[in-house]
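Whatever order the structure lists ligands and atoms in, that order sets their numbers, starting from 1.
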Amino acid sequence: KAQEGRANEINTCIACNQACLDHAFLGKTASCLVNPRACHETQVSLDPLPESERLSLGVIGAGPAGCAFAIAAAQKGHSVTLYDSQSSIGGQFHMAKRVPGKEEFHETLRYFEVQLAKHGVRLEMNTSISVDDMAQDASTQKWIVATGVDPRDAKIPGSEGNPNVFSYIDVLKHNAKVGDKVAIIGAGGIGFDVAEFLLHPGDDGAKDKRANDVSIEEWWDEWGVDPTNKVAGGLRKDDDDTSKGHSSSKPTR
Ligand code: SF4
């Protein structure tokens, strides 16, 4: 694709390890979080269907699942309309891409945008679909609901309406001002993401950088990489000013 000038059609790895290495370590068939057909190519055919089997489909929710389904269905020849209440595709990936170290998530959205256009999926953004809407739309033969998840309410007594209690959406999407001391409840992936987000203060623009916006020198600094290979493992010591030649700041990772 790159050689043909179609680099924007490359689906970029987001370095999650969830469907490739994690599956392989458990002896399960590997796949890919951003390419669910990977390693299932013989089971999931994307060959175009005969005209008589093609349908008019409505997909509700333009997050990763809705986008992936819409693209695959359009490749098979279905007529697909993708609806979302927000102004752009991506769903909760718009929060994930803002977490420092997850800049690759921008590229997943770029890939989806390119593929949706390439395969002729109609986009209806800023559009909420109700059960009544579905019932009254005679032109859509099947509906696919891909509306994602709601944050779990921990139901901690006293938390409701408390101005000091925030959800991850308040922080990652709405830049809630949380103060200097923060307790995060829940040490799963989202808890870590929120911690990383809060530990790397900066203006909102810095948190919306794409991977290509960061120079190689900035990346070395951020991750503590010794580009001279003087230290075993290529990692710079915190107090080593000599190896880098581009900054005297400590690694931030
Ligand atoms: S599952 Fe896919 S996106 Fe995630 S690390 Fe593996 S190859 Fe990359």
Side-chain angles (χ1 to χ4, degrees), residues 1-4 6-46 59 61-76 82 84 88-119 121 144 146-149 151 168 172-173 186-197 200 207-214 216 218-220 222-225 233-235 252-253:
K1 288 178 183 174
Q3 193 173 31
E4 293 172 3
R6 298 189 293 130
N8 63 359
E9 291 184 37
I10 294 175
N11 194 354
T12 305
C13 171
I14 57 171
C16 67
N17 287 343
Q18 289 186 27
C20 54
L21 292 183
D22 283 358
H23 280 196
F25 292 149
L26 293 172
K28 295 164 63 176
T29 303
S31 187
C32 174
L33 204 79
V34 295
N35 176 17
R37 190 165 170 259
C39 299
H40 297 79
E41 289 85 351
T42 57
Q43 297 159 292
V44 183
S45 166
L46 295 181
V59 181
C67 288
F69 178 86
I71 293 163
Q75 282 179 276
K76 289 180 74 73
L82 179 59
D84 201 285
S88 61
I89 68 156
Q92 299 208 29
F93 260 41
H94 285 293
M95 284 182 270
K97 75 184 186 186
R98 306 191 72 214
V99 175
K102 290 195 165 181
E103 293 82 4
E104 292 92 344
F105 283 56
H106 281 277
E107 304 311 317
T108 309
L109 300 180
R110 179 264 308 153
Y111 170 80
F112 280 145
E113 282 170 1
V114 170
Q115 293 297 323
L116 289 166
K118 177 176 178 173
H119 296 290
V121 175
I144 292 83
T147 49
V149 296
Y168 70 90
L172 297 179
K173 186 174 182 180
I190 294 175
F192 275 87
D193 279 352
V194 170
E196 192 78 2
F197 186 85
H200 291 80
K207 282 181 169 161
D208 289 322
K209 272 187 177 179
R210 299 174 70 140
N212 286 350
D213 296 333
V214 179
I216 188 69
E218 288 172 318
W219 193 86
W220 285 336
E222 183 176 359
W223 292 93
V225 175
L235 291 179
T252 55
R253 304 278 178 176

For Ala38, is there any backbone N or O sitting under 3.5 Å from a side-chain donor or acceptor partner on Ser31?
yes
I'd like to know if the side chain of Lys102 reaches the main chain of Met95, judged simply by a donor and an acceptor atom lying under 3.5 Å from each other, with no hydrogens or angles considered.
no
Listed by chain and number, what are the ring pair (Phe, Tyr, Trp, His ring centres under 6.0 Å) partners of Tyr168, not counting sequence neighbours?
none
Quick one: list whatever passes ring pair (Phe, Tyr, Trp, His ring centres under 6.0 Å) with Phe112, sequence neighbours left out.
none
For Val149, give me all partners under side chain to side chain contact (heavy atoms under 4.5 Å, CB included), at least two apart in sequence or on another chain.
Gln92
How far apart are the closest heavy atoms of Gly90 and Pro64, and which atoms are they?
O-CD, 3.7 Å
Residue and atom, protein N/O/S, under 2.8 Å of atom 8 (Fe) of ligand 1
Cys13 SG
